[in-house]
2 protein chains.
Amino acid sequence: MALENAVLLKEPLIIHESMRYSLLAGGKRVQSMLCIAACVLVGGDESTAMPAARAVETIHTMSLIHDDLPCMDNDDLRRGKPTNHKVFGENVALLAADALLSFAFEHIATATKGLSSDRMVRTIGELAKCVGSEGLVAGQIVDIFLEGLSDVGLEQLEYIHIHKTAILLEASVFLVVDDILDVTKSSQELGKTTGKGLVADKMTNPKLLGIEKSRELAEKLNSEA
Amino acid sequence: MALENAVLLKEPLIIHESMRYSLLAGGKRVQSMLCIAACVLVGGDESTAMPAARAVETIHTMSLIHDDLPCMDNDDLRRGKPTNHKVFGENVALLAADALLSFAFEHIATATKGLSSDRMVRTIGELAKCVGSEGLVAGQIVDIFLEGLSDVGLEQLEYIHIHKTAILLEASVFLVVDDILDVTKSSQELGKTTGKGLVADKMTNPKLLGIEKSRELAEKLNSEA
């Protein structure tokens, strides 16, 4: 998905090296693949979803860098390699993740082709909400405060899982599908019942999109990749 | 500027308390005031610039929270009060700043009224670039690596200053002015020569906007506030 070319090695070198170290570490890329798959599923062009998919991968990566820091999970290894702060130091890792978060929004805003600006603004707003204090960060916070407690219930575990993983995943699918539909709704060829019905049934509200189904699709794509 | 109402106290409580603690700590708000002033200067409505101004203030605040962390400047006090991590812990402070950065983009995308989506996408793209690895973060990185060196030149100090402060400040002025002009260019009342000339002369490229002039205006506004 050309993440290699999205963040180039330029000055200041160390921050871009640090960003690229984690971004190109070869994770599963489930979320970004699902983003592209959803786009193709409803008849959209893969290239339309590519910047959004890269943005989701970038946000996922930045959250891992911050999660691994000593003040969080204090992990030395990630995907079998030393964590970002072990290689570049805590200060560089902290800032590299900040830069990656900011880059995600820059990339959607500047690299997306074939979508109306109206939809891009909505996409950016929704994605930002999914990352923030009621999304990804909410999941991380609850995770921190439940750590060490013995009476953690299924409800709390579900909350963490939904916020740390599924929200970003659901958002990426929903947004791209929503965007593509809007763009293609006047096109007879692409507006076929299959795609429309699928979306009307399952994707009108991202909260209702089956997480299990998403995971199945992601795993299928992952094994095919 | 109603930052109080922009980030409400909701669940999870601790993250929103932490975000509000620093956001409402009563800084100088030079950058956001300049953003609004630039808008009014060219005949725009203050309310149009308000979400962008709040976003700039939010980004400034998040950069201070991360700057104060033990792995960065390790500061215990900020604006005469204990720093965010001293009150809420390093992990919460780290995540609160992440949530603030994400909120800035969400807020521009969802709360801006009276601008075309085209301009909003451009604004988001430019602002994100100003925060990232070639903007604010670049300034922080160079700052870190020059620390302790004895032969720091004027050029390097200027680089840090421009990237840590002026880029965000310039961007906020340029973007709002640029946006307002685009919106009002067909309006005879607002398209007067004064505003047009001022922008043509000084603001067509944010890099060329006099930083000294910006600071003078900011200081004037600040003393009036």
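Chain naming here is simple, since letters A, B, ... match the order of the sequence lines and numbering starts at 1 in each. All values below come from the heavy atoms of this structure, side chains included, with hydrogens, waters and symmetry mates left out. The structure displayed is predicted, hence computed values, not measured ones.
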With a 4.5 Å cut-off on heavy-atom pairs, point out which of [options] contacts chain A the most.
{"options": "B:Gly135, B:Ala111, B:Ser117", "answer": "B:Ser117"}
{"options": "B:His16, B:Glu11, B:Gln140", "answer": "B:His16"}
{"options": "B:Cys71, B:Gly125, B:Ala109, B:Gly132", "answer": "B:Cys71"}

Take a 6.0 Å sphere around CD of B:Glu17 and say whether it holds more than 12 heavy atoms from other residues, nucleotides or ligands.
yes
What I'd like to find out is whether the side chain of B:Lys10 reaches to under 4.5 Å of the side chain of A:Glu134, using heavy atoms alone.
yes
Are A:Met120 and B:Met120 close enough that some pair of their side-chain heavy atoms sits under 4.5 Å apart?
no
Can you tell me how far apart CD1 (A:Ile141) and CG (B:Leu13) are? Round to the nearest 0.5 Å.
11.0 Å
Residue part contacting chain B, namely of A:Leu100, when any heavy atom lies under 4.5 Å
neither
Could you look at A:His66 and say if it's the side chain, the backbone, both or neither that has a heavy atom under 4.5 Å from chain B?
both
Tell me if a side-chain donor or acceptor on A:Ser102 pairs with a main-chain N or O of B:Ala128 at a distance below 3.5 Å.
yes
Derivation and outcome, side-chain contact (heavy atoms from CB on, under 4.5 Å), residues B:Asp98 and A:Met62:
CA-CA 10 Å; B:Asp98 290 351; A:Met62 75 73 60; 3.9 Å; yes
Name of the residue among A:Leu8, A:Ile15, A:Val7 meeting side chain to side chain contact (heavy atoms under 4.5 Å, CB included) with B:Ser133:
A:Ile15
Considering only heavy atoms and a distance below 4.5 Å, find which of A:Leu69, A:Ile108, A:Ile14, A:Thr110 pairs most often with chain B.
A:Ile14
When only heavy atoms count and the cut-off is under 4.5 Å, which of residues 78-96 of chain B reach chain A?
B:Glu90, B:Asn91, B:Val92, B:Leu94, B:Leu95
